[in-house]
2 protein chains.
Amino acid sequence: MDNLANKEFNPLKLENQLCFTIYAASRLMTRQYQPYLDQLGITYPQYLVFLVLWEKDGIGVNEIGCKLYLNTNTLTPLLKRMEQLSFIKRTKCCQDERKVRIYLSEKGKNLKEEAKNIPLEMAKSLNCSVEKAMCLKNELEILINQMLK
Amino acid sequence: MDNLANKEFNPLKLENQLCFTIYAASRLMTRQYQPYLDQLGITYPQYLVFLVLWEKDGIGVNEIGCKLYLNTNTLTPLLKRMEQLSFIKRTKCCQDERKVRIYLSEKGKNLKEEAKNIPLEMAKSLNCSVEKAMCLKNELEILINQMLK
DNA sequence: TTAATTTGCATCGCAAGCGACATAAATAAG
DNA sequence: CTTATTTATGTCGCTTGCGATGCAAATTAA
């Protein structure tokens with residue numbers, strides 16, 4: 001980039017921060033989803049929990065946390081709210097009384113059908129092809145894997 | 001990608017979500033900064049405010065908000081905490097009594113020196129060259145600009 | 001000049017996130 | 001068998017983020 005070649009690179013400039021760009025993109029992305037999620041009556045983190053449960057129902061709190069990189073101190077209250085809204089059911093596991101299994105209710109299962117068009121509508125509104133999105137996703141995953149080390 | 005060509009693409013799979021990857025990257029990035037910011041006694045959003053103020057001191061709440069895409073209902077409490085920690089001073093503007101100008105204190109100015117190595121140390125710990133980071137940043141900015149429309 | 005509108009900041013309430021810590025069940029060590 | 005440790009989840013307190021709303025100063029319209 002001309003930027004790097006010609007002028008001195010100032011590492012403390014906001015415009016040179018990858019971290020801020022990711023932070024801003026994340027918040028704006030949540031905002032972008034909101035009108036769609038409002039229709040379903042759920043929040044963005046709740047949507048992520050649904051994505052996990054729609055793939056695999058009846059898993060534990062910790063397993064959800066592993067997939068979303070969230071700890072139980074975040075998930076427990078979140079799941080309780082989802083239970084309040086009768087999207088899920090939290091049940092103690094018989095074999096291991098410590099574990100709490102999370103099961104989708106009918107209402108929670110039915111939401112999948114209503115949500116199924118959201119990703120492609122989002123891609124459209126972002127003017128981003130699936131290929132381009134997956135490419136960007138892969139680059140970010142390299143970063144994520146570095147941070148998980 | 002083989003992925004796209006060979007199997008059916010399931011848009012509701014967590015692993016196919018760009019949005020989740022950005023969300024995860026953002027939280028992990030904040031976590032990655034934390035040991036460095038802890039040493040300075042500041043949080044990540046406060047660090048972003050510092051980046052803005054180190055570039056231009058004495059600006060209004062709204063101007064900070066424009067740069068960080070944050071509204072006053074987030075910034076006002078955040079700035080009050082920063083004032084409590086005596087990093088900044090909030091002063092009513094003479095010409096326009098509605099405006100509150102934010103000025104760095106000596107303590108706030110001195111922090112810049114202590115922070116100056118953070119970006120490059122982060123890049124190192126992320127195993128990410130400046131060029132690669134700026135490239136990824138540019139791609140994310142295209143997305144951001146779409147979302148700001 | 002007076003009234004209506006806009007602008008800049010703030011307050012309130014709520015949902016995340018997360019560090020620090022608590023608790024009970026399961027497991028391992030003695 | 002009893003004690004120590006680990007595991008799975010939960011509570012508490014704090015900072016963000018943000019929608020809805022409030023409010024006073026500034027600006028515009030009438």
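Residue numbers start from 1 in every chain, and the chains themselves are labelled A, B, ... in the order their sequence lines are given, proteins ahead of strands.
Nucleotide D:dA8 holds its C1' atom 13 Å from the CG atom of A:Leu79, rounded to whole Å. In this entry the distance linking CD of B:Gln84 with C1' of D:dC14 reads 14 Å, nearest Å.
Residue pairs meeting the ring pair (Phe, Tyr, Trp, His ring centres under 6.0 Å) criterion with at least one member in residues 80-112 of chain B, sequence neighbours excluded: B:Phe50-B:Phe87. Sorted by first and then second residue, the ring pair (Phe, Tyr, Trp, His ring centres under 6.0 Å) pairs with a member in residues 107-129 of chain B form an empty list; sequence neighbours excluded. Within the structure, salt bridge (charged side-chain N to carboxylate O under 4.0 Å, His left out) contacts touching residues 115-125 of chain B (residues at least two apart or in different chains) are B:Glu113-B:Lys116. Every pair passing salt bridge (charged side-chain N to carboxylate O under 4.0 Å, His left out) that includes a residue from residues 133-144 of chain B is listed here, sequence neighbours excluded: B:Lys137-B:Glu141. Screening residues 31-57 of chain A for salt bridge (charged side-chain N to carboxylate O under 4.0 Å, His left out), with sequence neighbours left out, gives A:Lys56-A:Glu63. Sorted by first and then second residue, the salt bridge (charged side-chain N to carboxylate O under 4.0 Å, His left out) pairs involving residues 71-90 of chain A (not counting sequence neighbours) are A:Glu83-A:Arg90.
Under the 4.5 Å side-chain criterion, counting only non-hydrogen atoms from C-beta, A:Leu111 is in contact with A:Trp54. Proximity of B:Cys19 to A:Met122: side-chain heavy atoms (C-beta onward) are nowhere separated by under 4.5 Å.
Contact check of residues 64-77 of chain B against DNA chain D (heavy atom, cut-off under 4.0 Å) returns B:Leu70, B:Asn73, B:Thr74. Within residues 31-62 of chain B, the residues approached by DNA chain D to less than 4.0 Å at the level of any non-hydrogen atom are B:Thr43, B:Pro45, B:Gln46, in residue-number order. Residues from residues 90-99 of chain B with heavy atoms under 4.0 angstrom of DNA chain D, sorted by number: B:Gln95, B:Asp96, B:Glu97, B:Arg98.
Partners of A:Tyr33 according to the ring pair (Phe, Tyr, Trp, His ring centres under 6.0 Å) rule, which considers only residues two or more places apart in sequence or in another chain, are A:Tyr44, A:Tyr47. Residues that satisfy the salt bridge (Lys or Arg N to Asp or Glu O under 4.0 Å) test with B:Lys107, not counting sequence neighbours, are absent from this structure.
Here the side chain of B:Arg101 pairs a donor or acceptor atom with the backbone of B:Gly58 at under 3.5 angstrom. Without hydrogens or angle criteria, A:Ser105 side chain to A:Gly108 main chain gives a donor-acceptor distance under 3.5 Å.
Closest heavy-atom contact between B:Gly41 and B:Leu85: O-CD1, 4.4 Å.
Comparing A:Tyr23 and A:Lys80 along DNA chain D, the residue whose closest nucleotide (by nearest heavy atom) sits nearer the 5' end is A:Lys80.
Here chain B contacts DNA chain C (any atom closer than 4.0 Å to a heavy atom, that is under 4.0 Å), and the contacts span C:dT7 to C:dG19 from 5' to 3'.
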